[in-house]
Novice: 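Before we start, here is the structure in question, set down as structure tokens.
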Amino acid sequence: ASEIVVVRVEEDGYAIESSVSLTGDGTGVDYMQLGMGLTSINGYNGSQYFANLCHGMRPWARRATSGGSGTWSQLNGRRTALVGTDQFVAYISNNGVAFLSGDYVVRNPDGCEYAFGANNDNPGTWRTDAEFTATLSPTDGNGVYLFVKGSLTGNFQIIKADHVDSYDAGCIWLDTVLDFHSGLGTDPFRSMDITSGSINFETDWADRVPPDAVSFASHYATGLSVVPWEYLFDLANRLDTDIWINIPSRATEDYGAELGAVINSELNAGHRVYDELANEIWNEATPWRDGALWVAYSDHPKYTATAN
């Protein structure tokens, strides 16, 4: 089994709740090395990490023109719409920064009507192909947007053409990503940004983004991406590193138990998991305030209000 190292943060410092040594001259010392954060998809640079563009896609919105008015709902990239002609849009790249232009294989198992566009209200040619190779390239500071009419309930995919075989074999990551982080040699890597650790309000295990999600966008993280735990441990295996994770501040004990089971199942033996509760739980500024207060009042009853 992999080793989980628990770090307890206290007002006057921190304590390692395991036998990890933090003393000595550095020879043979067993301690946590410098962690490399993966800012990427939720950061400022807009880096492309996934072979399947849908994984980093933002939530759906009704198109401003021809959007319709029927009721609809969405969850992790899938969407149901009462009216089949209503149009919806999600952005894959907002301004084209760091987007890898080229051919992408579109898989459309539902046969829904879809189109690509350079902004959020200007779709190109509508198609219904079950599989189609599209050339995507943002120009003049525009982005890449996906438009779909009606519902999208199947496993819609937009896979970089030269990664189809590796994606089908189970690797969601771009080769360039794996090569870049392998070359850095940092260990462990920190998953805070790609799981929206500062504003991830998942509470129950059922709230998490599942590995079969079309998009990793989560309404528990204000629409930002929360990469499924299974893929994070897969990345650690591929990079042969330990991993520093941020567990949501509201997570229940059952959530923790389920996460532990995933670690034991998915992470290669010999790798460590450094777990941190949320991010900066001492910081009461935005966006860390919710986590800080949730932890500060952890022994108090809590109630959730639902707006109608």
Side-chain angles (χ1 to χ4, degrees), residues 40-42 45-61 63 74-81 87-139 142-178 194 209-218 223-228 230-231 234-235:
S40 67
I41 53 176
N42 290 325
N45 58 8
S47 297
Q48 191 173 325
Y49 261 53
F50 309 118
N52 178 2
L53 291 177
C54 288
H55 287 337
M57 186 172 68
R58 286 297 183 257
W60 293 101
R63 184 187 166 195
Q74 65 176 314
L75 182 64
N76 304 136
R78 291 183 170 88
R79 191 190 64 255
T80 56
Q87 298 182 20
F88 302 87
V89 59
Y91 80 75
I92 296 171
S93 177
N94 191 34
N95 55 17
V97 174
F99 185 86
L100 299 179
S101 299
D103 291 342
Y104 288 82
V105 175
V106 180
R107 292 173 174 171
N108 176 27
D110 286 351
C112 63
E113 198 167 359
Y114 68 92
F116 293 102
N119 61 55
N120 62 4
D121 200 29
N122 186 26
T125 303
W126 290 95
R127 316 185 65 97
T128 58
D129 311 64
E131 186 165 311
F132 171 72
T133 299
T135 301
L136 302 177
S137 180
T139 58
N142 292 317
V144 176
Y145 291 75
L146 174 64
F147 298 81
V148 172
K149 294 181 181 179
S151 298
L152 188 156
T153 57
N155 192 19
F156 195 94
Q157 300 172 344
I158 310 170
I159 307 169
K160 199 168 186 297
D162 58 358
H163 281 65
V164 169
D165 290 342
S166 59
Y167 182 82
D168 287 343
C171 181
I172 71 167
W173 311 99
L174 289 170
D175 290 344
T176 50
V177 170
L178 298 178
I194 63 174
V209 177
D212 64 349
V214 171
S215 166
F216 297 157
S218 171
L224 295 177
S225 294
V226 178
V227 176
E230 290 86 348
Y231 291 133
D234 171 74
L235 182 59

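Throughout, residue positions are numbered sequentially from 1 according to the sequence presented.
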Novice: Show the nearest heavy-atom pair for residues Tyr145 and Ser93, with the distance to one decimal.
Specialist: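 What the structure gives for the nearest pair is CE1-O, 4.1 Å.
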
Novice: How would you list, by chain and number, every residue that makes a side-chain contact (heavy atoms from CB on, under 4.5 Å) with Thr80, sequence neighbours excluded?
Specialist: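 If we apply the side-chain contact (heavy atoms from CB on, under 4.5 Å) test to Thr80, skipping adjacent residues, the hits are Ser73, Ser151, Thr153.
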
Novice: Please list, chain by chain and in numerical order, all residues satisfying side-chain contact (heavy atoms from CB on, under 4.5 Å) with Gln74, sequence neighbours excluded.
Specialist: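 Once residues adjacent in sequence are excluded, the partners of Gln74 under the side-chain contact (heavy atoms from CB on, under 4.5 Å) criterion are Pro59, Trp60, Trp72, Arg79.
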
Novice: Hey, mind stepping through Tyr167 and Asn52 against side-chain hydrogen bond (donor to acceptor under 3.5 Å, both in side chains) and telling me if it holds?
Specialist: CA-CA 8 Å; Tyr167 182 82; Asn52 178 2; 3.1 Å; yes

Novice: Okay, side chain of Ser166, backbone of Cys171: is any donor-acceptor separation there less than 3.5 Å?
Specialist: no

Novice: So how far is it from Asp110 CG to Thr128 OG1, rounded to the nearest 0.5 Å?
Specialist: 12.0 Å

Novice: May I ask you to test the Ser101-Pro138 pair for a side-chain heavy-atom distance under 4.5 Å?
Specialist: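 SC-SC contact between Ser101 and Pro138 confirmed.
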
Novice: Can you name the salt bridge (Lys or Arg N to Asp or Glu O under 4.0 Å) partners of Asp121, sequence neighbours left out?
Specialist: Arg63

Novice: So which atom in Tyr104 and which in Gln48 form the shortest heavy-atom distance, rounded to 0.1 Å?
Specialist: OH-NE2, 3.1 Å

Novice: Identify, with sequence neighbours excluded, every residue that meets side chain to side chain donor-acceptor pair (under 3.5 Å) alongside Asp234.
Specialist: Trp173, Arg238

Novice: Is the Trp126 ring parallel, tilted or perpendicular to the Phe147 ring (thresholds 30°, 60°)?
Specialist: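 Ring orientation, 0 to 90° scale: perpendicular.
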
Novice: Considering residues at least two apart in sequence or located in another chain, which fulfil the salt bridge (Lys or Arg N to Asp or Glu O under 4.0 Å) criterion with Asp162?
Specialist: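 Per chain and number, Asp162 pairs via salt bridge (Lys or Arg N to Asp or Glu O under 4.0 Å) with Lys160.
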
Novice: Compare every heavy atom of Ala51 with every heavy atom of His163, then report the nearest pair and how far apart it is.
Specialist: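 Of all heavy-atom pairs spanning His163 and Ala51, the closest is CB-CB, 3.8 Å.
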
Novice: Could you grab the distance from atom CD1 of Ile92 to atom SG of Cys54, nearest 0.5 Å is fine?
Specialist: 6.0 Å

Novice: Mind running side chain to side chain contact (heavy atoms under 4.5 Å, CB included) on Tyr91 and Asn119 for me, showing each step along the way?
Specialist: CA-CA 8 Å; Tyr91 80 75; Asn119 61 55; over 6 Å; no

Novice: How far apart are the closest heavy atoms of Gly223 and Arg58, and which atoms are they?
Specialist: O-CD, 3.6 Å

Novice: Please identify each residue that fulfils ring pair (Phe, Tyr, Trp, His ring centres under 6.0 Å) with Tyr231, with sequence neighbours left out.
Specialist: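 For Tyr231, the residues satisfying ring pair (Phe, Tyr, Trp, His ring centres under 6.0 Å) (neighbours in sequence not counted) are Phe216.
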
Novice: What pairs with Tyr114 under side chain to side chain donor-acceptor pair (under 3.5 Å), at least two apart in sequence or on another chain?
Specialist: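 Here no residue qualifies.
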
Novice: Calculate, to the nearest 0.5 Å, the distance between atoms CG and CG belonging to Asn108 and Asn155 respectively.
Specialist: 11.0 Å

Novice: Residues two or more places apart in sequence or in another chain: which of them pass side chain to side chain donor-acceptor pair (under 3.5 Å) with Arg107?
Specialist: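 Once residues adjacent in sequence are excluded, the partners of Arg107 under the side chain to side chain donor-acceptor pair (under 3.5 Å) criterion are Gln157, Asp168.
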
Novice: Under the ring pair (Phe, Tyr, Trp, His ring centres under 6.0 Å) test, which residues partner Phe116, sequence neighbours left out?
Specialist: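 So Phe116 forms no ring pair (Phe, Tyr, Trp, His ring centres under 6.0 Å) with any residue.
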
Novice: Got a second to check how far Phe50's CZ is from Ser215's OG, nearest 0.5 Å?
Specialist: 9.0 Å

Novice: Under the rule for side chain to side chain donor-acceptor pair (under 3.5 Å), what residues qualify as partners of Thr176, not counting sequence neighbours?
Specialist: none

Novice: State whether the number of non-hydrogen atoms from other residues, nucleotides or ligands found under 6.0 Å of Asp165 atom CG is greater than 12.
Specialist: no

Novice: At their closest point, which heavy atom of Val106 faces which heavy atom of Ala134, and how far apart are they?
Specialist: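 Scanning both residues, the minimum pair turns out to be CG2-CB, 4.2 Å.
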
Novice: Checking Leu100 against Leu174 for the side chain to side chain contact (heavy atoms under 4.5 Å, CB included) test, could you report, in this order, the C-alpha distance in whole Å, the side-chain angles of both residues, the deciding distance, and whether it holds?
Specialist: CA-CA 11 Å; Leu100 299 179; Leu174 289 170; 3.6 Å; yes

Novice: Considering residues at least two apart in sequence or located in another chain, which fulfil the side-chain contact (heavy atoms from CB on, under 4.5 Å) criterion with Ala130?
Specialist: none

Novice: Taking the side chain from Asn76 and the backbone from Ala217, do they hold a donor-acceptor pair closer than 3.5 Å?
Specialist: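 It does hold such a pair.
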
Novice: Might you work through the side chain to side chain contact (heavy atoms under 4.5 Å, CB included) test for Leu136 and Ile158, ending with a clear yes or no?
Specialist: CA-CA 10 Å; Leu136 302 177; Ile158 310 170; 4.2 Å; yes

Novice: Should Phe156 and Leu146 count as side-chain neighbours, where that means a heavy-atom distance under 4.5 Å?
Specialist: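 Heavy-atom side-chain distance check passes, below 4.5 Å.
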
Novice: Does Pro109 have any side-chain contact (heavy atoms from CB on, under 4.5 Å) partners at least two apart in sequence or in another chain, and if so, which?
Specialist: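 Checked Pro109 against side-chain contact (heavy atoms from CB on, under 4.5 Å); zero matches.
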
